[in-house]
Every structure is written in structure tokens, then in C-alpha cells.
Amino acid sequence: MTTPPTRNLALELVRVTEAAALAAGRFMGRGDKAAADRAAVEAMRYMLASVEMEGIVVIGEGEKDCAPMLYNGERVGAGGPPHVDIAVDPIDGTRPLATGNLNAISTVAIAPRGTMFDPGPFVYMDKIAVGPAAKGKVDITAPLAANLAAIARAKGDRIEDLTVIILDRPRHEALIAEVRRCRARIRLIPDGDVAAALMTAWPESGIDVLLGIGGTPEGVLAACALRAMGGEIQGRLVARDEAELRRGRDQGYDFDKTLTMDDLVASDDVCFAATGITDGELLRGVKYAGGGATTDSLVVRGLSGTVRQVRAIHRLEKLNRISPIRY
């Protein structure tokens with residue numbers, strides 16, 4: 001059965017992440033996370049207003065950053081159909097951006113209204129993410145050694161050949177020690193677990209699996225991209241203390257449940273865009289020169305499974321004449 005081509009919102013969303021990256025890229029290495037985030041949020045919100053859709057922010061800046069814009073529940077878009085849920089992370093990796101380090105990106109995803117998981121105020125999730133070769137082969141409740149062996153079999157490798165990417169946090173000391181006992185390779189990163197999850201589905205990255213506790217919002221964003229890219233992510237909510245655990249259970253959240261791809265985003269009709277702010281294995285960062293700038297973006301559409309790389313050259317003097325955002 002064939003259907004005529006439909007509107008590809010992913011190609012419109014890349015303008016949103018490009019704008020956020022161009023605005024935030026000016027702050028690379030300046031040590032001011034708040035100013036960089038504010039610039040990215042303002043640019044992203046301005047560009048989202050131009051997209052013909054009626055969107056509700058499900059994953060926003062609100063709970064973690066107490067942001068006045070792009071907060072959870074905010075309505076964005078120019079109005080009219082489609083009616084969508086929106087997940088945004090204007091800067092995934094504010095600390096690497098502020099210090100001039102790798103893998104800061106700007107991301108946005110949309111899915112049909114009511115299909116995106118709303119984590120509410122619960123911002124941490126234990127995760128496992130893999131690329132297409134290991135999809136359906138892992139189980140977050142299984143022992144680590146069993147998951148690594150399953151990934152290695154699926155890829156025709158040995159466990160010693162695998163590279164595991166993990167956020168460099170004290171909470172992961174036991175996990176890191178266990179991965180080392182299994183003799184897999186480890187890549188520790190300071191921040192940026194959306195990019196890290198996507199690397200598992202990007203052959204050139206050399207990353208085979210993401211493990212550990214990171215952001216719940218970032219998990220939903222990654223699920224939108226991985227669903228379209230053929231990978232997989234599973235998660236379980238993690239409470240920071242007993243009070244948060246009780247509050248979550250009172251609100252109906254199950255901290256023992258494995259959140260599958262269908263739980264995190266229950267539709268193939270997803271669109272995702274990401275633009276590099278600083279250089280990384282997934283995307284190159286913004287480069288400024290001669291009154292212009294170049295950006296490198298990833299654009300993913302779930303219905304077709306198409307993954308595009310978009311390299312754009314921007315004439316900043318022209319942009320600054322027609323936009324209130326200073327690039």
C-alpha cells in the first residue's frame with residue numbers, strides 16, 4: 001500500500017535547533033551557563049512560533065530549570081493542525097558549552113498529541129540504549145553481563161570490543177566497576193546523554209550502549225530519535241529520596257516499571273532535530289567566520305525512518321536584519 005507524501009515537520013524543526021545553536025554558540029567557553037541557556041531558549045521559542053502546528057510542551061525547561069519560557073504545559077506554534085506534544089532541550093550539555101568541551105547540542109522532538117510520556121517533576125531515569133543491531137536483545141532488569149553478552153552476540157563482536165558510554169558521576173562508581181570486570185571499554189562523559197544515546201545508533205561514533213542514570217526528559221527526547229533511527233531505549237524512574245518516591249507513587253508513577261519505547265513515545269509519527277553547538281562525535285559544532293556561520297544538524301522522521309544530515313551556511317548580517325534574535 002502506498003500513500004502520497006505528507007508534510008515533513010522534521011525539516012521545519014531543524015530551523016528551530018539551528019537558531020538555538022547559533023544563539024548559544026556565542027557563549028562557548030565563557031563560563032556562563034545561564035546566559036547560554038537563556039539565549040538558546042529565546043531563539044528556540046521564537047522559531048517554534050513560526051511552525052504551523054498547535055503544540056504543548058511536555059518536556060521543557062520548567063521542572064529542572066524553573067524557566068519562564070518553554071516550560072511544561074506551554075503552548076507553542078502558529079496554531080492549527082497538527083496537534084502535537086513537544087519535547088525540547090535547547091542545550092543538552094550546558095556545562096560542556098560553558099567550558100568549551102565536546103557534545104553540546106540543541107534538540108527538539110514532536111509526536112502526536114497524547115503520545116509522549118510526561119515525567120512530571122521526576123527528573124531522573126535509569127537507562128539502557130542501543131542501536132538497531134541490538135534492538136530487542138537487551139533488558140534493563142537483566143544483569144549487566146547478560147546485556148553486554150547479548151549486545152556482543154547481536155553485533156558479532158566480543159564483549160571486549162564493546163564501548164559503553166556512561167555519565168561521569170559518583171552514583172555510577174559501582175556500574176563503572178562492573179563494566180570493567182566484564183572487560184568492556186568505557187567512555188565517560190561529563191554531560192549530554194541525549195547525544196550519548198543517539199551515538200548508539202550512529203555507526204561512526206563507535207558507541208555500542210548507553211548505561212546509567214540520567215535525565216528523564218533527555219530519555220524521552222532520545223526515545224523519539226531512536227524510534228525513528230531503529231534503535232531502542234528502556235528506562236526506569238529513579239527517585240532522589242524517599243519523599244520523592246512517596247510523592248510519585250501518590251501521583252500514580254510506578255518506579256518499578258520498565259518504560260519501553262512505546263511508553264516513552266507511543267507513535268511512529270515522530271520528528272526529531274538536533275544541531276551541534278560544540279564539536280562532538282555525533283555533530284560538529286557551530287563555526288563562525290567572515291560574517292557567517294555553519295551548522296551541522298541531524299534530522300529524523302519516524303514515518304519514513306529517514307535520517308538526514310544537514311550542513312547549513314548562514315549569512316548572519318541578513319539574519320540579524322530580519323530577526324530579533326542576535327546570532
Side-chain angles (χ1 to χ4, degrees), residues 7-28 36-37 39-51 53 55 59 70 76 86-94 96-97 102-111 192-205 207 218 221-231 270-289 292-316 318-319 323 325 327:
R7 181 180 170 203
N8 186 352
L9 273 170
L11 293 174
E12 299 179 49
L13 293 181
V14 72
R15 297 176 63 212
V16 175
T17 56
E18 285 174 348
L22 286 168
R26 294 292 189 186
F27 293 88
M28 187 180 80
D37 199 51
V41 169
E42 289 175 353
M44 181 170 279
R45 189 170 185 261
Y46 176 73
M47 290 304 296
L48 279 170
S50 71
V51 181
M53 65 181 179
I59 303 293
L70 294 178
V76 296
I86 299 180
V88 301
D89 197 346
I91 304 175
D92 176 44
T94 51
L97 174 58
L102 300 176
N103 288 322
I105 64 174
S106 178
T107 67
V108 63
I110 63 170
D193 57 344
V194 175
L198 269 59
M199 286 181 208
T200 66
W202 200 245
E204 292 86 353
S205 74
I207 301 298
E218 289 82 356
L221 272 159
C224 292
L226 288 173
R227 182 162 191 133
M229 296 170 77
V270 294
C271 293
F272 174 89
T275 299
I277 307 175
T278 63
D279 284 338
E281 292 93 333
L282 186 68
L283 294 165
R284 291 169 292 184
V286 180
K287 302 292 188 295
Y288 301 93
T294 59
T295 54
D296 185 28
S297 300
L298 184 70
V299 184
V300 184
R301 189 185 188 208
L303 282 180
S304 62
T306 304
V307 180
R308 289 180 171 90
Q309 289 181 275
V310 177
R311 182 173 184 267
I313 301 171
H314 308 269
R315 296 282 300 278
L316 297 184
K318 287 194 169 186
L319 282 178
S323 171
I325 304 300
Y327 295 115

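For the pair Leu48 and Leu70, the minimum side-chain heavy-atom distance is below 4.5 Å.
Every residue meeting the side-chain contact (heavy atoms from CB on, under 4.5 Å) condition with Ala104, not counting sequence neighbours, appears here in chain and number order: Leu97, Ile277, Thr278. Every residue two or more places apart in sequence or in another chain that forms a side-chain contact (heavy atoms from CB on, under 4.5 Å) with Ala274 is listed here: Ile105, Thr107, Phe272, Leu283. Lys287 meets the salt bridge (charged side-chain N to carboxylate O under 4.0 Å, His left out) test with Asp279; sequence neighbours excluded. Applying the side chain to side chain donor-acceptor pair (under 3.5 Å) criterion to Thr306, with sequence neighbours excluded, gives Ser304. Under the side chain to side chain donor-acceptor pair (under 3.5 Å) criterion, Arg315 pairs with Glu317, not counting sequence neighbours. Residues meeting the side chain to side chain donor-acceptor pair (under 3.5 Å) test with Asn103, sequence neighbours left out: Glu281. Thr94 meets the side-chain contact (heavy atoms from CB on, under 4.5 Å) test with Lys33, Asp37, Ile91; sequence neighbours excluded. For the side-chain contact (heavy atoms from CB on, under 4.5 Å) test, residues two or more places apart in sequence or in another chain that qualify with Val270 are Ala111, Ala228, Val265. A search for salt bridge (charged side-chain N to carboxylate O under 4.0 Å, His left out) contacts involving Asp193 returns Lys127, not counting sequence neighbours.
Scanning both residues, Ser106 and Ala21, for their nearest heavy atoms gives CB-N, 4.3 Å. Nearest heavy atoms, Met229 versus Trp202: CE-CE3, 3.9 Å. Contact record, Tyr327 with Ala23: CD2-N, 4.0 Å, taken as the closest heavy-atom pair. Counting all heavy atoms, side chain and backbone alike, Pro90 lies closest to Val41 at CG-CG2, 3.7 Å. When every heavy atom of Gly93 is checked against every heavy atom of Pro96, the shortest pair comes out as O-CD, 3.2 Å. The minimum heavy-atom distance between Leu198 and Ala222, with the atom names listed, is CD1-CA, 4.1 Å.
Atom CD1 of Ile313 and atom OG1 of Thr294 lie 7.0 Å apart (nearest 0.5 Å). Here SG of Cys224 is found 11.0 Å from CD1 of Ile86. Values are rounded to the nearest 0.5 Å. Distance check: Glu218 CD to Asp89 CG gives 5.0 Å after rounding to the nearest 0.5 Å. Annotation: the span from Leu298 atom CG to Arg308 atom CZ amounts to 11.5 Å, rounded to 0.5 Å.
In the displayed structure, Met28 atom CE is contacted under 6.0 Å by at most 12 heavy atoms of other residues, nucleotides or ligands.
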Donor-acceptor list for residues 8-19 side chains, cut-off 3.5 Å, not counting sequence neighbours:
from	atom 1	to	atom 2	distance (Å)
Asn8	OD1	Ala10	N	3.0
Glu12	OE1	Arg7	NH2	3.1
Glu12	OE2	Arg7	NE	2.8
Glu12	OE2	Arg7	NH2	3.3
Thr17	OG1	Val14	O	3.2
Thr17	OG1	Thr275	OG1	2.8

